[in-house]
Structures are given as C-alpha cells and as structure tokens.
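Every chain is numbered from 1 and lettered A, B, ... according to where its sequence line falls, protein lines coming before strand lines. Quantities reported herein were computed from a predicted structural model and do not represent experimental measurements.
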2 protein chains.
Amino acid sequence: MNPNHDHVSAVDLHAAVDLRLRAAGLRNSRSRQVVVDVLVRAGRPLSLPEILDTDAELAQSSAYRNLGELVDAGVARRVESADDHARFELHESLTGHHHHLVCTSCGRVEDFDVPDDFEAGIDVMVDAAESQGFRIDAHRFDLLGRCARCA
Amino acid sequence: MNPNHDHVSAVDLHAAVDLRLRAAGLRNSRSRQVVVDVLVRAGRPLSLPEILDTDAELAQSSAYRNLGELVDAGVARRVESADDHARFELHESLTGHHHHLVCTSCGRVEDFDVPDDFEAGIDVMVDAAESQGFRIDAHRFDLLGRCARCA
DNA sequence: CTTTCTGCAAACGATTTGCAGCAGC
DNA sequence: GCTGCTGCAAATCGTTTGCAGAAAG
C-alpha cells in the first residue's frame, strides 16, 4: 500500500550512492551526503526550499549544484510538480518504480504505487507511440488534485 | 489512431472560444484570435518561441499575457515538457482528452491517444489515491523519449 | 467615451555560474 | 599538495508586470 522506499536496504543504499558517485568521478562529500539523507528521510520529492529548511547548514547554490550532479550520476531524479519549483527524489533504481500525487495548489508531491497490470498496459502503448516516430524510454504518470492540507 | 483534434468542428470551436472569452469578461481581440489560431493549426502543444515564430506580429509579452488569460478562461492549457519552456495547447474540452509524447532532448511535445480501457484503469486508481488524502481531479500521462529528429 | 489591449522596457524569481578560499584523499 | 567542493555574489533566462498610448464597443 505504501510506496516501497525499501527497495534497497539503508546500508545498500548508501553503498550504492557511494558507488555511483565514484563512477561519476564525484567525491562523496559531506554536503552531498546531507542532500541524499534529506531525500531518503523525506520519502517524497522535495523542492529546494524544503531541502534547505531541513538542513540550514546547506548553501543554496551548493544544494542546486549537488542535486544536478546527483541527477547526472543516477542517484537522484528531477520531478516536475505544479508550481514553479522543481522537486527532487532518489532515483527509481534505489527506491523502486512509482508514480506521484501532485497538489495543484501548493505543489506538494507524494509517491503513489499503481497495480502491476496498469504498468503492463503502459508497455503495450509504447509500441504505438514508437510508430509516431518517438523512441520511448520512460514515462510519467501523475494524479493531480488537492493535498490534505489544501483540499 | 491520430489524436482527434476534430472533437469540435472548426466553426463550433471558434464559437466556443468566443463564448468562453466573453464569459471570462475578455474581448476576442485580434491577437487572442491569432494565438488561438496558431494553437489550432499546430495540433500539438507549442512553446512561446514556437508561437512567436509562427506569427512574428505578436509581441512576446502580449502572447504570454494572452496565454495566461486563455488558460484562465478554459480555452487553453499549459503543458509541462522536458526543457525550460512551457507549452500551450487548446483545452481538452475543445480537442478531446489525450496524452503526450515528450522529447527529452528538444522538448517537442506531440499528442497521443490511449485505449479506453487504459483510461478506465486510471479511474480505478483515483479512489486509492484519495485514500492518501488527496482530492484528485485530473491526471497527466506522458511517454518520454527522443522524437524523430533527435533519435 | 470608457474600458480593455498592446508593446516596450523594467522587474521577478528560480536556477546557474565565476571565483577565491576550504576540504578530501 | 593537488584537485575537487563550497559559499558568496553576480549573471541568466523564462516569465510577469507597470505604464502610456492604441483598439474595441
């Protein structure tokens, strides 16, 4: 029922993050660990302000820079919300594939799992899409509405 | 197979647009007509630069302002792509419900229809989502990849 | 005429980047 | 000690907005 954020155990997760950073030629610096830890604890995609609120020791520019590098290294992923702030979450290979509930009022994003047969239906459509000339390699499915606080 | 952009006939479409503008207390000015016509002809969501390229007589600020008003009036809709430009298309009530193919390289967006049973599956999930505290009123489903030009 | 639009230019705000000093290995 | 990382402040760039003159009705 809850999104499976334990797709990889906590220990393995940090090991995996470390590995990917090294593979990308990046140091596992303190502020990068902080960013990753914030995302792990949140369990949902966070905006830059939300990340900074969680750990005030972090400089804004460094947070942005780290997030970009984490995305490039396959550790994090950028998520589009409904307001003018991007959100960031751990890469799906670390948390498991899932989708999002997006609040169109405040921009809050929560994870949401869908049935396997729904995912199977998506695979079928990819073939149809490729006949339109696109080479498909991902999808995004979001339910939009009002979160509990904004409803 | 092709997205049904003839959900409303051309004549009815302009009448419907006119009606919605009036209902919103807006005049059906020439530049608003131009913006709507560009979107109608495109048959896919366009970025601001794409809209301006199509009709150079349009001032950038007016185009942005008109698009915002058209969105508020229920005539147009903002679509998130993969680059840093928003896209705009006619409201689904005018073109019919559809989804999008998004090029992660150039940001190009094309319309894409999905089977009815897939849409039905979405309806089922809305109930599950609302048990997480969200009041759902829309969804977005995009297939992401490389368009024919970028592949 | 009065109200709404338009274009120009300036303002905004999220994100990015140059640079000088600090930290990791 | 190099090399990469951080923070600060400045730059970028899509988008928004104030304002004076131009259209719509």
Within the 4.0 Å heavy-atom criterion, would you say E69(B) contacts the bases, only the backbone, or no part of the nucleic acid?
nothing
OP1, OP2 of dC13(D) versus side-chain N and O of H85(B): anything below 4.0 Å?
no
Whole-Å distance separating the CG atom of N66(B) from the C1' atom of dT17(D):
14 Å
Surrounding CG of D123(B) (heavy atoms of other residues, nucleotides or ligands, distance under 6.0 Å), is the total greater than 12?
yes
F88(B) CZ to dG14(D) P, in whole Å, measures 13 Å
Using the side-chain heavy atoms of L48(B), tell me which of these nucleotides is nearest: dT16(C), dC5(D), dT15(D).
dT15(D)
Here the side chain to side chain donor-acceptor pair (under 3.5 Å) pairs for residues 70-79 of chain B, sequence neighbours left out, are R77(B)-E89(B)
Any side-chain heavy atom of L101(A) within less than 4.5 Å of one from Q132(B)?
yes
Are OP1 or OP2 of dT15(C) and a side-chain N or O of Y64(A) less than 4.0 angstrom apart?
yes
What integer distance in Å separates R22(B):CZ from dG25(D):C1'?
10 Å
NZ/NE/NH1/NH2 to OD/OE distance under 4.0 Å, R44(B) and E50(B):
yes
Could you please name the option among dA23(D), dC8(D), dT16(C) that lies closest to any side-chain atom of A59(A)?
dC8(D)
Quick check on dT17(C): is either OP1 or OP2 less than 4.0 Å from any side-chain nitrogen or oxygen of R65(A)?
no
Hey, does the side chain of S29(A) come within less than 4.0 Å of dG24(C)'s phosphate (OP1/OP2), counting only N and O?
no
Which nucleotide in dG14(D), dC8(D), dG7(C) has an atom nearest any side-chain atom of S61(A):
dC8(D)
Roughly, in whole Å, what's the span from CG in L67(A) to P in dA14(C)?
15 Å
Nearest 0.5 Å, please: how far is NE2 in H99(B) from CD in E92(B)?
7.5 Å
Closest approach to the side chain of L26(A), judged atom by atom: which nucleotide of dC5(D), dC5(C), dT16(D) is it?
dC5(D)
Measure CZ/R32(A) against P/dC25(C) and give the value in whole Å, please.
11 Å
For R30(B) and Q60(A), find the nucleotide of DNA chain D closest to each by heavy atoms; which residue's nucleotide sits nearer the 5' end?
Q60(A)
